[in-house]
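Notes to accompany the following structure.
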Amino acid sequence: MRYTLRQLEYFVAAGEAGSIRHASEWLSISQPSISTAISHLELELNVQLFIRHHAQGLSLTAVGQTLLEEARKVISQAESLYSVAAEATDQIRGMLSVGAMVTLAPMIMPSLVHNFLTKHPAAEIRQIASHHEWLVEELRQAEIDTAITYDLQLPPGIEFTPLASLPPHVIVSETHHFAERETVSLGELAAEPMIFLDLPLSRQYFKDLFQKEGLQPNIYARVADQAVVRTMVANGYGYSLSNVRPCSDLALDGRRVVRIKLSGEHRPMVIGMATLQGMRKSRLLESFLEYCQTLISDTSIPGMSPLE
């Protein structure tokens, strides 16, 4: 065999990223190294893995798609050797793929993973941020080991361990006429222009809050990016509803948002760890899940301010 696991890893990264540049950024490896690895595999296997599009990245050939799936299996089997060895020697080591909801990942994942790896330097964790449906599908396909997500619309076969509740609250600009209020109701908000976080799960969740009280929100703008929502709110375009509580009250442009308690009883979103039901958990995965359970609770969530 005249190819290496490292070359396979570079090939898989390029195939998943759709470009050598993005694979390079993901792996923190130079672009020439990835290009060389792919060229070596193509020469060794006597196939064309990619079609190169000038200034538009790569697309897999038919044989490239087949070999990508096989390469993933080889890498997964190779990584399982670490798990077997770790269990035999009582070490925490190996590779873990951890997904997180795109609305949670920026706050929770960096410090959570950094602190875990500080305790277990022989381990590696690949962090993936995406939407709930994608994370669930990746779990079902065993492409990721676990996901930090919400308890909404979980299909059969997914095991969910709840960790913390996130009740909804209101955010407004510091010049908004509600900014000095301690609480505000949905009835008072209904006529106000709303900057609506338009993500699949969030969309239905926030609509349900109003519908249960016989109300309709006055949606000024639908935005799929949480950072853009906060910036629009900070600039006075309207209010928004949110469940996450960033430690900073500043939007990305430096303007401030104010968090206000939403009066009444409302269903919170619940953060937890999702895994594939019945899957044999490695010692590394068990350790990471236990670690998350110690750090994430109703009273303390990495990257978030405490519940007032």
Side-chain angles (χ1 to χ4, degrees), residues 2-80 94-110 113 124-149 197-203 222-228 252 274 276:
R2 289 171 293 201
Y3 56 84
T4 66
L5 285 172
R6 187 68 65 194
Q7 289 168 342
L8 292 180
E9 288 175 348
Y10 292 176
F11 161 53
V12 169
E16 292 178 344
S19 81
I20 289 176
R21 179 174 64 84
H22 290 148
S24 171
E25 293 171 354
W26 183 9
L27 296 172
S28 298
I29 299 295
S30 70
Q31 294 184 42
S33 296
I34 296 175
S35 296
T36 300
I38 292 171
S39 296
H40 179 89
L41 285 174
E42 290 182 320
L43 182 63
E44 180 63 28
L45 300 174
N46 194 29
V47 295
Q48 182 177 349
L49 298 171
F50 293 102
I51 297 172
R52 278 78 169 172
H53 305 286
H54 180 65
Q56 294 183 13
L58 307 168
S59 60
L60 287 159
T61 62
V63 69
Q65 292 174 350
T66 300
L67 288 174
L68 180 68
E69 293 303 316
E70 294 303 315
R72 284 173 173 157
K73 293 175 185 176
V74 171
I75 292 169
S76 178
Q77 289 171 349
E79 288 173 350
S80 70
M95 168 68 79
L96 204 61
S97 292
V98 180
M101 272 286 289
V102 68
T103 51
L104 298 172
M107 287 166 281
I108 294 179
M109 290 295 285
V113 170
E124 294 181 59
I125 293 182
R126 183 168 70 106
Q127 303 177 51
I128 305 104
S130 192
H131 303 301
H132 181 78
E133 292 85 350
W134 186 91
L135 294 174
V136 168
E137 185 57 30
E138 291 295 285
L139 278 174
R140 296 173 72 171
Q141 298 296 326
E143 295 293 340
I144 59 176
D145 299 292
T146 186
I148 299 175
T149 188
L197 180 60
D198 198 13
L199 293 172
L201 290 183
S202 302
R203 181 187 307 136
R222 297 174 180 270
V223 182
D225 188 312
Q226 189 168 249
V228 177
L252 290 182
L276 188 61

Rounding to 0.5 Å, atoms NE2 (His40) and CZ (Arg2) come to a distance of 8.0 Å
State, yes or no, whether a side-chain contact exists between Glu9 and Met95 at a heavy-atom distance under 4.5 Å. no
Separation of Thr66 OG1 from Leu49 CG (nearest 0.5 Å): 10.5 Å
Is the CZ atom of Arg203 crowded by more than 12 outside heavy atoms at less than 6.0 Å? yes
Minimum side-chain heavy-atom gap His132-Pro200 below 4.5 Å: no
Looking at residues at least two apart in the chain, or sitting in another chain, which of them share a side chain to side chain contact (heavy atoms under 4.5 Å, CB included) with Val113? Met109, Leu117, Ile125, Gln127
Side chains of Thr4 and Tyr10 in contact at under 4.5 Å (non-hydrogen atoms): no
For Ala105 and Ala129, which heavy atoms make the closest approach, and how far apart are they? CB-CB, 3.6 Å
Is it true that a side-chain atom of Gln31 and a backbone atom of Ile20 form a donor plus acceptor pair closer than 3.5 Å? no
Check Arg21 with Glu25, please: is the shortest side-chain N to carboxylate O separation under 4.0 Å? yes
Would you give the length of the straight line joining atom CD1 of Ile144 to atom CH2 of Trp134, rounded to the nearest 0.5 angstrom? 6.0 Å
Heavy-atom nearest pair, Ala17 first then Ala23, reads CB-N, 3.8 Å
Going by salt bridge (charged side-chain N to carboxylate O under 4.0 Å, His left out), name the pairs with one or both residues in residues 94-105, residues two or more places apart or in two chains. none
From Met107 CE over to Met101 CE, what is the distance, rounded to the nearest 0.5 angstrom? 10.0 Å
Apply salt bridge (Lys or Arg N to Asp or Glu O under 4.0 Å) to Arg52 and Glu42, showing your working. CA-CA 13 Å; Arg52 278 78 169 172; Glu42 290 182 320; 3.0 Å; yes
Is a side-chain donor or acceptor of His131 paired with a backbone partner of Leu201 at a separation under 3.5 angstrom? no
Pairwise side-chain contact, Leu41 with Leu8, heavy-atom cut-off 4.5 Å (strictly under): yes
Could you go through the side chain to side chain contact (heavy atoms under 4.5 Å, CB included) check for Leu60 and Phe50 one step at a time? CA-CA 4 Å; Leu60 287 159; Phe50 293 102; 3.3 Å; yes
Ser202 side chain to Leu197 main-chain N or O, any donor-acceptor pair under 3.5 Å? no
Taking Leu58's backbone N and O only, do any of them form a donor-acceptor pair with Ser19's side chain (distance below 3.5 Å, no angle check)? no
If a pair satisfies side chain to side chain donor-acceptor pair (under 3.5 Å) and one of its residues is in residues 138-148, list it, with sequence neighbours excluded. Glu137-Gln141
For residues Leu135 and Ser130, report the shortest heavy-atom separation together with the two atoms involved. CD1-O, 3.9 Å
Taken to the nearest 0.5 Å, the spacing of Thr149 OG1 from Glu133 CD works out to 9.0 Å
If I compare all heavy atoms of Leu199 with all of Ala224, which pair ends up nearest, and what's the gap? CD2-O, 3.3 Å
Contact summary for Leu5 and Ala78, nearest pair of heavy atoms: CD1-CB, 3.6 Å
